[in-house]
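Below is one structure, written out as structure tokens; comments come after it.
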There are 2 protein chains.
Amino acid sequence: MTLKELARHLGLSPTTVSRALNGYPEVKETTRRRVAEAARALNYRPNTRAKSLATGQAMAIGHVIPLSSRHEMVNPIFADFIAGAGEAYARAGFDMVLSVVSDADEAQTYRDLKARGSVDGVIVHGPRAGDPRIDLLDEIGMPFLVHGRSTGTNRPYCWLDVNNRRAFQRATAFLLDLGHRRIGLLNGLEVMDFALRRRDGYERALAERGVPRDPALIRSDEMTEAYGYRSGRDLLALPAPPTAFLVSSMIAAIGLRRAIEEAGLRLGRDISVITHDDDLSYLRNGDDVPLFTATRSSVRDAGRQAAEMLLAIIAQPETAPRERLLEAELTVGQSTGPAPKGQPS
Amino acid sequence: MTLKELARHLGLSPTTVSRALNGYPEVKETTRRRVAEAARALNYRPNTRAKSLATGQAMAIGHVIPLSSRHEMVNPIFADFIAGAGEAYARAGFDMVLSVVSDADEAQTYRDLKARGSVDGVIVHGPRAGDPRIDLLDEIGMPFLVHGRSTGTNRPYCWLDVNNRRAFQRATAFLLDLGHRRIGLLNGLEVMDFALRRRDGYERALAERGVPRDPALIRSDEMTEAYGYRSGRDLLALPAPPTAFLVSSMIAAIGLRRAIEEAGLRLGRDISVITHDDDLSYLRNGDDVPLFTATRSSVRDAGRQAAEMLLAIIAQPETAPRERLLEAELTVGQSTGPAPKGQPS
DNA sequence: CTACAAGTCCAAAACGCTTTGGGAAAATGC
DNA sequence: GCATTTTCCCAAAGCGTTTTGGACTTGTAG
């Protein structure tokens with residue numbers, strides 16, 4: 001069912017039918033209704049390709065999701081982020097096109113997306129410090145929004161981020177208030193900007209209280225269950241083990257819990273743990289009482305908001321808001337408690 | 001940079017340039033090289049929309065991923081499945097377009113995809129028994145491949161699936177061999193076809209040995225960590241608790257482990273657990289020795305193969321293979337052991 | 001040297017839509 | 001009742017490709 005066929009069916013010109021369906025004023029109300037009805041009855045949908053060829057709008061947003069080349073791993077938060085973004089796109093009549101791409105090919109992917117005109121804008125995932133993609137996208141004139149931020153980038157760009165520094169600063173302070181002095185940090189990969197900010201928050205909180213930073217207590221890697229387990233096991237085996245941990249993701253925290261229990265220690269009593277919680281749908285932090293004390297920020301919600309911002313930027317590049325900083329809430333669960341007495345300082 | 005511009009730049013007609021780039025024979029080898037070089041130099045890429053309008057091929061595959069309406073949850077295996085599929089699409093020059101859609105709108109989404117011509121085919125996720133989507137897609141003439149199967153569908157369709165029945169039958173037999181007689185089953189949602197097959201495998205194995213099936217030991221729900229925990233806690237509190245569990249996903253198994261440890265029991269000694277393991281990148285089943293005894297089948301690999309099959313079906317509808325059954329391997333880890341003595345039969 | 005087949009290239013139509021530039025009919029102003 | 005605006009519709013051009021149907025050149029056979 002094409003426009004032309006529909007038009008012939010109605011005894012009208014394609015022009016009129018097109019205008020009727022797109023809400024232009026120069027068509028009589030009764031014909032508009034007649035057209036709308038016929039369109040519904042015949043299940044007519046304008047061909048996307050033809051439409052965007054004519055309008056120059058792709059009506060699609062690209063998500064280039066980087067594949068960690070080291071571990072061939074795709075970050076589990078993407079599913080939820082994309083679910084959120086998908087909602088916003090669906091409402092606006094946009095498609096979402098995904099490219100899963102290893103770091104090396106990423107620049108070329110953006111270039112292709114632009115040159116082939118397959119999307120109106122992209123969401124940049126997993127930004128690093130001084131991320132070259134921002135310059136690239138600016139250069140080729142592709143509208144974009146960064147999920148996260150990139151320190152060291154001087155030109156302005158649009159972003160939506162969680163206040164990672166503040167979140168980890170507060171979490172660290174919370175542990176310090178409970179009397180903990182040796183606090184392990186199981187951070188994400190520290191090429192990632194969010195991980196750098198979290199580490200900064202952690203170190204600031206320590207510095208504020210004059211607690212010395214011990215590099216032996218800091219780990220950084222991709223946030224898998226195995227990483228949480230291994231790091232926990234290693235740190236707990238130190239001569240002066242930490243009494244508390246700050247962890248960058250629920251998945252890693254679950255691995256850490258395994259290490260803690262395997263060491264015969266009790267979570268929340270012997271060892272305190274605060275994790276960042278992206279509020280993933282399949283990994284809710286407990287039912288009623290949160291299992292882990294956590295800095296929580298729904299990544300699904302972030303996806304929804306990011307998509308809405310990008311759509312607004314594409315629609316009205318001048319007036320749309322260009323930056324948004326979400327605060328994570330610190331929810332107290334069962335995984336934290338006062339530092340055990342008699343610890344070596 | 002359009003074809004026309006490139007042609008003018010070269011002093012050729014658009015026809016010739018198009019033919020040169022697409023490998024048609026009626027163009028001199030030297031001009032072909034000249035064109036190819038200029039295209040590379042000027043970073044020319046054919047506009048996807050124009051191309052597919054002209055050819056009638058969308059050069060894109062749709063993935064409609066259902067959003068569980070009850071829990072607003074997106075299954076964590078999608079990320080890995082999509083990563084695998086994305087690889088195959090990238091190689092073939094196809095785009096991947098995603099629609100995240102709640103069950104109610106799914107039929108309309110497929111209709112739209114077809115009517116708007118935005119994809120050449122779709123992958124159907126999360127099939128149920130007698131899934132109406134199969135009839136629908138057949139009816140509207142959209143090529144598709146099902147990830148999983150749908151019992152009770154009489155017309156033939158293309159699918160790729162794991163042998164879930166066999167996997168769970170073997171796993172159950174394995175536990176029976178170890179002397180377990182009360183085996184809990186934490187299944188996925190039993191409207192899903194894969195869950196029905198797993199249950200069938202479980203029950204067949206019990207029947208083969210003449211072990212009576214106890215409905216009190218069977219749970220079925222969306223596979224979250226909380227579900228694993230809750231079910232484990234409840235079943236372990238029964239007057240005659242199970243000595244072993246069969247679990248439908250790593251995430252749920254992790255919740256179960258929490259319940260087991262909280263009950264003061266030891267995984268692999270007091271309680272045996274076998275889980276299905278989708279081999280998710282962020283949730284590897286241990287480093288060297290598998291943590292859980294598991295029926296493993298890489299969902300990422302399934303994504304790759306599914307995509308390749310669908311592409312083949314679109315390219316040569318007659319000759320392409322239309323069905324593929326993957327076997328899960330039963331890998332023995334630390335979570336299983338002989339049934340404790342002195343249990344009530 | 002002619003006739004015919006390859007070998008190369010091009011102009012124009014087509015894909016399905018939007019949009020520009022009218023044009024006829026109806027409504028309005030005086 | 002006539003001029004002018006408004007209302008409603010249409011033909012045709014254009015978006016960037018591919019593809020059809022030649023046309024001109026060159027090579028080859030007789």
Side-chain angles (χ1 to χ4, degrees), chain A residues 1-36 38-39 42-60 93-95 112-120 315, chain B residues 1-36 38-39 42-60 93-95 112-120 315:
Chain A
M1 174 57 47
T2 73
L3 223 212
K4 217 195 297 185
E5 288 166 7
L6 179 60
R8 187 161 33 230
H9 178 88
L10 283 161
L12 288 170
S13 79
T15 311
T16 306
V17 176
S18 169
R19 300 195 129 141
L21 292 174
N22 291 314
Y24 282 78
E26 52 272 87
V27 42
K28 191 161 43 170
E29 208 40 53
T30 65
T31 39
R32 186 195 304 285
R33 263 201 293 279
R34 202 161 64 90
V35 170
L42 298 172
N43 199 39
Y44 168 78
R45 295 277 180 298
N47 180 301
T48 322
R49 323 248 142 202
K51 181 166 190 163
S52 46
L53 185 57
T55 59
Q57 285 240 322
M59 295 301 282
F94 272 63
D95 283 337
D112 278 16
L113 247 29
K114 175 68 183 179
R116 304 189 316 169
S118 21
V119 300
D120 296 316
Chain B
M1 172 59 43
T2 72
L3 223 214
K4 217 196 292 187
E5 288 166 7
L6 179 60
R8 189 162 31 231
H9 177 88
L10 283 161
L12 288 169
S13 79
T15 309
T16 306
V17 176
S18 170
R19 300 198 129 141
L21 292 173
N22 291 315
Y24 283 76
E26 52 273 90
V27 42
K28 193 161 39 170
E29 208 40 56
T30 65
T31 41
R32 186 194 302 284
R33 263 200 294 278
R34 203 160 65 90
V35 170
L42 298 173
N43 198 42
Y44 167 78
R45 295 277 182 298
N47 180 301
T48 321
R49 324 243 142 206
K51 183 165 186 160
S52 46
L53 185 55
T55 58
Q57 285 240 320
M59 295 300 281
F94 272 63
D95 283 337
D112 277 16
L113 248 28
K114 175 66 182 183
R116 305 189 317 168
S118 22
V119 301
D120 297 316

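Convention: sequence-line order gives letters A, B, ...; per-chain numbering from 1. Predicted model only: the values in this text are computed from it and were never measured.
- By the side chain to side chain donor-acceptor pair (under 3.5 Å) test, B:Asp120 is found to be paired with no residue, residues two or more places apart in sequence or in another chain being considered.
- Counting non-hydrogen atoms under 4.0 angstrom, B:Thr31 reaches the backbone sugars and phosphates but no base.
- With DNA chain C read from its 5' end, the first of the two nearest nucleotides for B:Ala54 and B:Ser13 is the one closest to B:Ser13.
- Between B:Tyr24 and D:dT19, a side-chain N or O to OP1/OP2 separation shorter than 4.0 Å is present.
- Within the nucleic acid shown, A:Thr15 comes within 4.0 Å of at least one base atom, counting heavy atoms only.
- For the pair A:Leu3 CG and D:dA11 C1', the interatomic distance rounds to 15 Å; values are reported in whole Å.
- Per the geometry, CD belonging to A:Gln57 stands 14 Å off P belonging to D:dG16, to the nearest Å.
- Put simply, CZ on B:Arg49 is 18 Å from C1' on D:dG14, counting in whole angstrom units.
- Put simply, the side chain of B:Pro46 does not reach to within 4.5 Å of the side chain of B:Leu21, judged on heavy atoms.
- Formation of a donor-acceptor pair under 3.5 Å by the A:Ser52 side chain with backbone atoms of A:Thr48 is found in this model.
- Distance CZ (B:Arg45) to P (D:dG16): 17 Å, rounded to an integer number of Å.
- A salt bridge is absent between A:Glu5 and A:Arg8: the closest approach of a Lys/Arg side-chain nitrogen to an acidic carboxylate oxygen does not fall below 4.0 angstrom.
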Stepwise, does the side-chain contact (heavy atoms from CB on, under 4.5 Å) test hold for B:Leu6 with B:Leu42?
-> CA-CA 8 Å; B:Leu6 179 60; B:Leu42 298 173; 3.8 Å; yes
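- In this structure, B:Glu5 places its CD atom 10 Å from C1' of D:dG16, rounding to the nearest Å.
- The footprint of chain A on DNA chain C, defined by a heavy-atom cutoff below 4.0 Å, extends from C:dG16 to C:dG21.
- Between the CZ atom in B:Arg19 and the CG atom in B:Leu12 there is a gap of 13.0 Å [rounded to 0.5 Å].
- Contacts of B:Arg19 with the nucleic acid, taken as non-hydrogen atoms under 4.0 Å apart, include base atoms.
- In this structure, CG of A:Leu53 is placed 9 Å from P of D:dT17, rounded to the nearest angstrom.
- Residues A:Gly11 and A:Ala50 both approach DNA chain D. Their nearest nucleotides, taken by heavy-atom distance, put A:Gly11 toward the 5′ side.
- Here the side chains of B:Leu10 and B:Arg34 are in contact, with some heavy-atom distance below 4.5 Å.
- Residue B:Lys51 has a polar side-chain atom (N or O) positioned under 4.0 Å from OP1 or OP2 of D:dT18.
- For B:Glu26 and D:dT20, the CD to P distance is 10 Å, given to the nearest whole Å.
- Rounded to an integer number of Å, the gap from A:Arg8 CZ to D:dC9 P is 19 Å.
- Between A:Thr16 and the phosphate of D:dC10, there is a side-chain N or O to OP1/OP2 separation shorter than 4.0 Å.
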